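Computed from a predicted model, the values in this text were never measured in an experiment.
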2 protein chains.
Amino acid sequence: MQDVANAAGVSLKTVSRVVNNEPRVDEKTRERVHQAIAQLGFRRNDIARSLRQGQASSTIGLIIEDIANPFYSSIARGLEKVAQQYNYMLIISNSEENALRERELVNALLRRRVEGLCIVPAGIDHSYLAAELRRGTPFIFLDRPPLQLQTDTIVLDNRGGSCQAIRHLLSYGHRRIAVIQGDPRVYTGAERIAGYYETLAEHGIPCDESLIYSNCDEAQLAQQATHTLMSLPEPPSAIFSTSNRISIAVLRALRSYTQQPAFIGFDDFDLADMLPTPITVVAHDPAAMGTRAAEILFARLAGSTVPFQQTIVPTRLIARGSGELPPPQA
Amino acid sequence: MQDVANAAGVSLKTVSRVVNNEPRVDEKTRERVHQAIAQLGFRRNDIARSLRQGQASSTIGLIIEDIANPFYSSIARGLEKVAQQYNYMLIISNSEENALRERELVNALLRRRVEGLCIVPAGIDHSYLAAELRRGTPFIFLDRPPLQLQTDTIVLDNRGGSCQAIRHLLSYGHRRIAVIQGDPRVYTGAERIAGYYETLAEHGIPCDESLIYSNCDEAQLAQQATHTLMSLPEPPSAIFSTSNRISIAVLRALRSYTQQPAFIGFDDFDLADMLPTPITVVAHDPAAMGTRAAEILFARLAGSTVPFQQTIVPTRLIARGSGELPPPQA
DNA sequence: TTGTACGCGTTATCAA
DNA sequence: TTGATAACGCGTACAA
């Protein structure tokens with residue numbers, strides 16, 4: 001900037017005025033400064049600017065597990081869309097479902113003075129954020145609530161969606177409903193399996209624990225679980241999968257069987273309607289989670305002090321065929 | 001930091017030394033400073049740090065069209081993976097295929113002093129980057145080469161992949177091969193359709209322009225094109241689609257026909273192998289494009305001055321069934 | 001309309 | 001081993 005000032009034969013401050021389009025600058029001076037800027041390829045340093053101005057880094061952070069997962073990339077898209085409207089930039093980091101890395105990323109982002117942070121938490125204790133939260137940095141938790149901390153949270157109606165799926169299967173006469181799930185200690189998993197138990201109990205149906213397979217996040221494990229289930233002396237007449245990745249693995253495994261069980265998966269996925277038997281799913285809107293998070297975040301940045309909110313994003317069952325297959329004749 | 005210094009009864013510089021783990025600090029002093037830091041919830045301001053240190057913002061930028069598109073989110077993932085290894089943060093922005101917005105985003109990112117920038121360009125003239133490039137900021141162009149600018153570029157073997165697909169169809173006896181494509185003025189589109197023409201010419205097969213539908217990026221237009229093609233007095237015996245989004249729309253439209261044409265699509269997609277007729281595709285590795293871009297970028301940041309490179313990422317044909325359907329008996 | 005002096009939070013330099 | 005001071009590039013307050 002000093003260089004520009006010299007080149008234009010004016011003071012530093014005048015350059016600053018021109019760069020920021022402040023009024024009260026002579027047209028000729030402005031012109032001269034613009035020329036010097038163009039000639040030198042000068043570009044305002046927003047880092048220095050935000051340092052001077054306090055905390056206006058105009059940047060927010062997002063920590064997710066894996067941007068390559070469509071669920072998270074949709075969230076990111078929704079968030080960035082709103083951020084662009086506010087002229088904010090978005091820094092995205094992948095925690096890889098690692099609590100330690102998550103914490104490192106949070107710290108790295110806070111050191112960079114992001115003004116707010118959206119987190120899909122992998123960790124199990126977020127009390128370390130309490131001090132920062134009190135200082136005024138907004139944290140929005142997505143998909144899973146924080147532990148040991150109170151703040152804004154946006155989650156799916158996991159339990160409700162799960163209940164709806166199981167009720168749907170029951171209404172078609174299924175009584176032996178298997179579940180292939182991920183880690184039941186993770187919030188979403190816990191809620192979804194709870195919906196399963198709850199609905200069975202509601203209908204007075206005893207629960208056969210041998211039909212429940214956990215920790216099947218890896219495709220291979222989900223496929224194995226499917227094969228094991230289908231090889232039982234009395235195989236399940238329906239299968240409920242608790243996530244899109246698991247659904248796809250299960251469906252891949254199911255191809256080799258002639259007697260197809262009914263199937264419902266949590267999370268919608270591309271081409272679910274195009275498979276030989278179109279797949280019934282519990283669908284929801286991930287991008288809406290992102291935009292909702294952004295709305296709360298920017299409201300907080302604008303000074304909103306309403307109590308922390310828990311937003312529950314609705315799910316809906318999309319019946320496409322696989323969930324409406326009847327049980328085999330008894 | 002001054003507060004910490006006061007609380008610990010030491011000078012500013014000593015706190016700085018402790019924060020940055022510099023040697024030559026007395027253990028007791030270090031301990032006292034750490035306590036003060038913990039008590040005050042102090043966190044180093046990396047913005048001020050990078051201001052002082054020159055240009056080490058440890059941040060890189062990525063401009064793509066839409067992070068919700070799996071092609072781009074895979075690129076982002078590959079890039080971020082490498083960035084994490086270098087302790088760099090990644091700012092992702094969506095240009096929405098808008099040249100003006102792209103330019104604004106580039107400027108906004110440069111003002112924030114990203115150290116390098118990866119761009120999937122939407123614009124048609126990148127000469128405005130020349131000055132910045134000469135100053136030493138590395139730009140890596142992804143998927144499409146820059147126009148009016150020389151810099152590192154990573155593109156797919158678009159033409160080769162296209163040729164391979166058409167040759168494959170020809171080898172199965174197809175002579176009337178339709179193409180449903182996006183905007184043929186976009187680099188990737190131009191290359192892919194060129195591969196089509198080239199291969200037909202190679203085999204001395206006259207090209208029927210009425211079998212080529214362009215600007216079908218919108219699902220609805222692609223479906224319409226498909227229906228029009230299938231309703232021709234002499235419909236094509238094979239269809240080639242130039243992108244995953246178009247492929248999915250075309251396949252959706254094709255469901256209503258009993259006589260299925262052969263089909264090959266550029267870009268692989270999830271569940272392509274699970275459809276009633278598994279889909280033959282020209283596949284490639286988007287994540288590899290991201291990691292490759294990151295490698296070049298960090299090499300440049302480390303001072304590499306080798307000439308600009310054009311990396312061509314290979315494609316490969318995955319025959320799954322749809323591309324091996326024979327033409328109807330003449 | 002324009003310029004001077006100072007401060008933002010950090011690190012580098014050099015002296016103690 | 002520690003500290004005082006300047007400097008990074010910019011904006012604010014106030015003076016000219």
Side-chain angles (χ1 to χ4, degrees), chain A residues 1-37 40-59 107-115 132 135-137, chain B residues 1-34 36-37 40-59 87 107-115 132 135-137:
Chain A
M1 200 165 194
Q2 184 62 63
D3 297 339
V4 177
N6 294 341
V10 297
S11 84
L12 212 88
K13 179 57 206 176
T14 302
V15 177
S16 169
R17 277 195 254 265
V18 172
V19 167
N20 295 298
N21 277 316
E22 285 176 37
R24 264 167 266 193
V25 177
D26 188 272
E27 262 320 310
K28 285 174 191 159
T29 318
R30 190 183 293 275
E31 185 54 36
R32 247 187 312 146
V33 173
H34 272 137
Q35 280 190 3
I37 287 176
L40 290 151
F42 168 81
R43 198 169 260 123
R44 184 179 68 198
N45 185 335
D46 276 0
I47 288 189
R49 176 176 223 254
S50 83
L51 180 60
R52 176 62 239 241
Q53 290 193 323
Q55 307 293 22
S57 65
S58 293
T59 305
N107 283 324
L109 287 166
L110 289 176
R111 279 200 305 267
R112 267 158 226 248
R113 295 302 187 263
V114 294
E115 294 181 42
E132 190 70 32
R135 280 189 181 188
T137 308
Chain B
M1 200 166 200
Q2 184 61 65
D3 298 339
V4 176
N6 293 341
V10 297
S11 84
L12 211 70
K13 179 59 199 172
T14 302
V15 177
S16 171
R17 278 194 256 264
V18 172
V19 167
N20 294 297
N21 277 316
E22 286 177 37
R24 263 167 269 193
V25 177
D26 189 272
E27 262 320 308
K28 285 174 192 160
T29 317
R30 190 184 293 274
E31 185 53 36
R32 247 186 312 144
V33 173
H34 271 138
I37 287 176
L40 288 151
F42 168 82
R43 196 170 261 123
R44 183 179 69 197
N45 184 333
D46 276 1
I47 289 189
R49 176 190 169 88
S50 84
L51 178 61
R52 176 62 239 231
Q53 291 195 324
Q55 307 293 22
S57 66
S58 294
T59 305
N87 268 314
N107 282 323
L109 288 165
L110 289 176
R111 280 202 305 268
R112 270 160 223 247
R113 296 299 188 264
V114 294
E115 295 180 43
E132 191 70 32
R135 278 190 182 186
T137 307

Close approaches to DNA chain D from residues 16-24 of chain B, in residue order (heavy atom, under 4.0 Å): B:Arg17, B:Arg24
Counting side-chain heavy atoms from C-beta on, which of C:dT10, D:dG11, D:dG3 comes nearest to B:Thr14? D:dG3
Salt bridge (Lys or Arg N to Asp or Glu O under 4.0 Å) partners for A:Arg52, two or more places apart: none
Side chain to side chain contact (heavy atoms under 4.5 Å, CB included) with B:Arg30: which residues, sequence neighbours excluded? B:Val18, B:Asn21, B:Val25, B:Glu27, B:His34
Out of D:dT2, C:dG3, C:dT11, whichever nucleotide has its closest atom nearest the side chain of B:Met1: C:dT11
Applying side-chain hydrogen bond (donor to acceptor under 3.5 Å, both in side chains) to A:Arg112 and not counting sequence neighbours gives B:Thr59
Partner set under side-chain hydrogen bond (donor to acceptor under 3.5 Å, both in side chains) for B:Arg49, not counting sequence neighbours: B:Asn20
Out of D:dC10, C:dT1, D:dA13, which has the shortest distance to the side chain of A:Asn45? D:dC10
Using a cut-off of strictly less than 4.0 Å, decide whether B:Ser50 has a side-chain nitrogen or oxygen near OP1 or OP2 of D:dC8. no
Whole-Å distance, A:Lys13 NZ to D:dG11 C1', equals 6 Å
Measure CD/A:Gln2 against P/D:dC8 and give the value in whole Å, please. 10 Å
Per-helix bend value, the helix from C:dT1-D:dA16 to C:dA16-D:dT1, C1' rotation axes over five pairs per end, 10° rounding, shows 40°
Closest heavy-atom pair and its distance - B:Asn87, B:Ser58: O-CB, 4.0 Å
Would you compute the distance between atom CZ of B:Arg44 and atom OG of B:Ser16 and round it to the nearest 0.5 angstrom? 9.0 Å
Restricting to side chain to side chain contact (heavy atoms under 4.5 Å, CB included), what partner residues turn up for A:Asn6, sequence neighbours left out? A:Gln2
For nucleotides 6-8 of chain C, which of its nitrogen or oxygen atoms have a protein nitrogen or oxygen under 3.5 Å away, and what is each distance?
from, atom 1, to, atom 2, distance (Å)
C:dG7, N2, A:Arg52, NE, 3.4
C:dG7, N2, A:Arg52, NH1, 3.2
C:dG7, N3, A:Arg52, NH1, 3.3

Which atom names give the shortest non-hydrogen contact between A:Ala56 and A:Ser50, and what distance separates them? O-CB, 3.4 Å
Go through the structure and list residues passing side-chain hydrogen bond (donor to acceptor under 3.5 Å, both in side chains) with A:Arg43, not counting sequence neighbours. B:Asn107, B:Glu132
